[in-house]
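The structure appears below as structure tokens.
Chain naming here is simple, since letters A, B, ... match the order of the sequence lines and numbering starts at 1 in each.
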Amino acid sequence: MKRAYIAEALKGKDVDQEILVKGWVRTRRDSKGGFSFIELNDGSCFNNLQIIVDADLDNYQDEVIKLFPGSSISVKGTLVKSQGGGQSVEVKANEIKVYGFCDPDEYAVGKQRVSFERLREIAHLRVRTNTFGAVTRVRNKLAKATHDFFQERGFYYINTPIITANDCEGAGEMFRVTTLDPDAIPRNKDEVDYSKDFFGKESFLTVSGQLAVESFACGLSNAYTFGPTFRAENSNTSRHLAEFWMIEPEMAFADLADDADLAEEYIKYLITTVLNECAEDMDFFNKRIDKTILQTLAHVNESEFVRLSYTDAIDILSKSGQKFEFEPAWGNDLQTEHERFLTEKEFKKPIIVTDYPRDIKAFYMKQNDDGKTVAAMDVLVPKIGEIIGGSQREDNIQKLDSRIKEQGMELEPYWWYRDLRKFGNVPHAGFGLGFERMVQFVTGMDNIRDVIPFPRTPRSADF
RNA sequence: UCCUCGGUAGCUCAAUGGUAGAGUGGGUGACUGUUAAUCAUUAGGUUGUAGGUUCGAAUCCUACCCGAGGAGCCA
């Protein structure tokens, strides 16, 4: 007999048919009147399937009565209309086979409430909770929707390198990759001799696939990456990970306005997909995690994202009458408190801030004609803050070179990146979206460590 | 990295410097359909680690470890 998934069984199409289901026990309630109720979950959907186990079953006393939360079983029985109120169908079991028992004294994921902090210490088991099952299904759906969105629009999925020898991707501290023996590092005088290392030079884990995906967009028109990125920053916040996943689309023959339009369309596509296809999970988040999340997402979907220049943003902040710890001033980056004021109080929806001062942005961003700003954009959303950072890329080789030098870097390592401007140069633009921040935004989860299976943060790389 | 707060039963949390407690989960008993079942009863502790002050420390002091919130950095 073929195993049925609980998601299918709960649709109730096969009432009065024989059924075989397998999964993990969530709870067991006994009625000494002669039977027990088992709530079974197999991960195929949020809801559990109720199993009615009659005390007449051969292994009732020896096994069924010892099925604590976490135990794994298979159930053969009949799918019937439920007599109780909480569910429309349930299974009357003829046979319960136990795969594995679960000792409640040692198993921390019972039916009792457990804090997210505690669950992080048992991340290999937390997926068996309502919250993490729901997060995982939503995360999965967001990944699928990402590919659908870009594939439907003619973007090619590019696998950019994880290991890079560019010490220059321009985004923070990097993790070193080496096969050198730390107890016997080869040296030339005082310098480490990286010519003896695996790649013959210093190498690192990537902090961004952008430079590589630019080269593919400048040949295929539209390309995107969706891969892991690594930042060795000592960031201890609910919005940062040392290892996270990033989506980076890049479009040739596109400017900053095209970039902003793509970002807005993409975010709305993700939200629409999740609202339509993860309704049960989203209801759970709305009930238990953030009581405004469904309303917020619907609002975001309906509203047009505000386009606002950095200069205008500073102006609004200065005239707001709001007391800030850091006074907004042209030339300084927007502080978290400024971003929150704009997204949560002034506009109450996502905003796209464009044209930042060149001195606070990366070398590859296109310089505007005013000589002061660059064609950069940040998409800011309520609660999370920056969810997307992007720009039109500098396509003038002289300006690109002078920016590289201004930042005290060498031209030589960028030879291939600069070639893109020499051979069939085109205006192009793209952005990066932090995947975990998007999962946070959609689910309402407070801590980014709770929206990735096994989080990596400073001093923490368990599992 | 900085600031603030915290670490007590398997879990969630109480406890003026003076006998370490409750809820929940577990055991046992009761209940003919429960929905975080309910009721009764019972077991469960090196109070994060190492020092110190004190007649006496979960409580005060020092150092370290771990966690949370905020900031910076960013996605």
Side-chain angles (χ1 to χ4, degrees), chain A residues 26-39 47-55 65-66 68-70 80-87 90 92 102-122 129-130 169-173 207-210 228-248 263 288 324-326 332-337 339-340 360-362 378-381 384-390 431-441 446-450 452 457-460 462:
Chain A
R26 281 295 172 82
T27 72
R28 191 195 78 243
R29 296 180 291 270
D30 301 323
S31 166
K32 289 284 161 51
F35 51 94
S36 293
F37 302 93
I38 288 174
E39 296 276 345
N47 289 315
N48 304 323
L49 180 61
Q50 179 162 281
I51 313 291
I52 312 298
V53 190
D54 203 278
I65 213 74
K66 292 172 187 158
F68 296 108
V80 297
K81 279 205 155 48
S82 178
Q83 298 171 32
Q87 58 286 314
E90 63 195 16
K92 262 201 154 4
C102 194
D103 182 350
D105 283 338
E106 293 183 57
Y107 186 64
V109 189
K111 50 185 167 181
Q112 72 274 28
R113 205 164 289 164
V114 182
S115 65
F116 289 148
E117 292 79 33
R118 169 67 184 139
L119 287 173
R120 242 168 259 156
E121 295 168 10
I122 47 172
T129 63
N130 283 336
E169 286 167 344
E173 291 295 308
V207 294
S208 164
Q210 181 198 313
T229 47
F230 308 87
R231 307 264 170 103
E233 303 285 354
N234 191 6
S235 296
N236 295 288
T237 83
S238 57
R239 305 185 309 282
H240 290 86
L241 292 165
E243 177 183 289
F244 65 99
W245 289 68
M246 190 152 64
I247 292 122
E248 295 176 282
R288 293 295 172 85
F324 294 111
E325 190 185 341
F326 296 94
N332 297 339
D333 211 344
L334 297 180
Q335 303 287 316
T336 299
E337 56 176 339
E339 296 179 352
R340 295 195 74 147
I360 59 171
K361 287 292 181 183
D378 283 356
V379 180
L380 311 178
V381 298
I384 312 290
E386 186 181 346
I387 199 166
I388 281 180
F431 62 78
L433 173 130
F435 189 52
E436 284 75 19
R437 287 195 183 169
M438 191 65 207
V439 181
Q440 269 190 287
F441 182 59
D446 281 329
N447 198 311
I448 200 166
R449 292 159 196 168
D450 299 328
I452 189 169
T457 54
R459 293 179 306 282
S460 173
D462 298 327

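- A donor-acceptor contact under 3.5 Å links the side chain of A/E90 to the base of B/G33.
- Annotated stems with RNA chain B as a participant read B:1-7 with B:65-71, B:10-13 with B:21-24, B:26-30 with B:38-42, B:48-52 with B:60-64, given as range with range, by first number; only runs of 3 or more Watson-Crick or G-U pairs under 3.5 Å qualify.
- For the P atoms, the distance linking B/C39 with B/G25 amounts to 10 Å, nearest Å.
- A donor N or O paired with an acceptor N or O is not found under 3.5 Å between the base of B/U34 and the side-chain atoms of A/D30.
- Here the side chain of A/Q335 is nearest to one of B/G72, B/U34, B/C74, namely B/G72.
- Using a 4.0 Å heavy-atom distance criterion, A/S115 is classed as a sugar-phosphate-only contact.
- Every side-chain contact (heavy atoms from CB on, under 4.5 Å) that A/S238 has, sequence neighbours left out, goes to A/N447.
- Between A/T336 and A/R239, some side-chain heavy-atom pair lies under the 4.5 Å cut-off.
- Residue side chain A/R459 does not reach the base of B/C65 through any donor-acceptor N/O pair under 3.5 Å, judged by distance alone.
- At the heavy-atom level, A/Q83 lies under 4.0 Å from base atoms of the strands shown.
- Ring-to-base geometry places A/F244 in a stacked arrangement with B/A75 (centre distance under 5.5 Å, plane angle under 30°).
- Look at CD on A/E339: it is 10 Å from P on B/A71, rounded to the nearest Å.
- When rounded to the nearest whole Å, the span between CD of A/E39 and P of B/U35 equals 11 Å.
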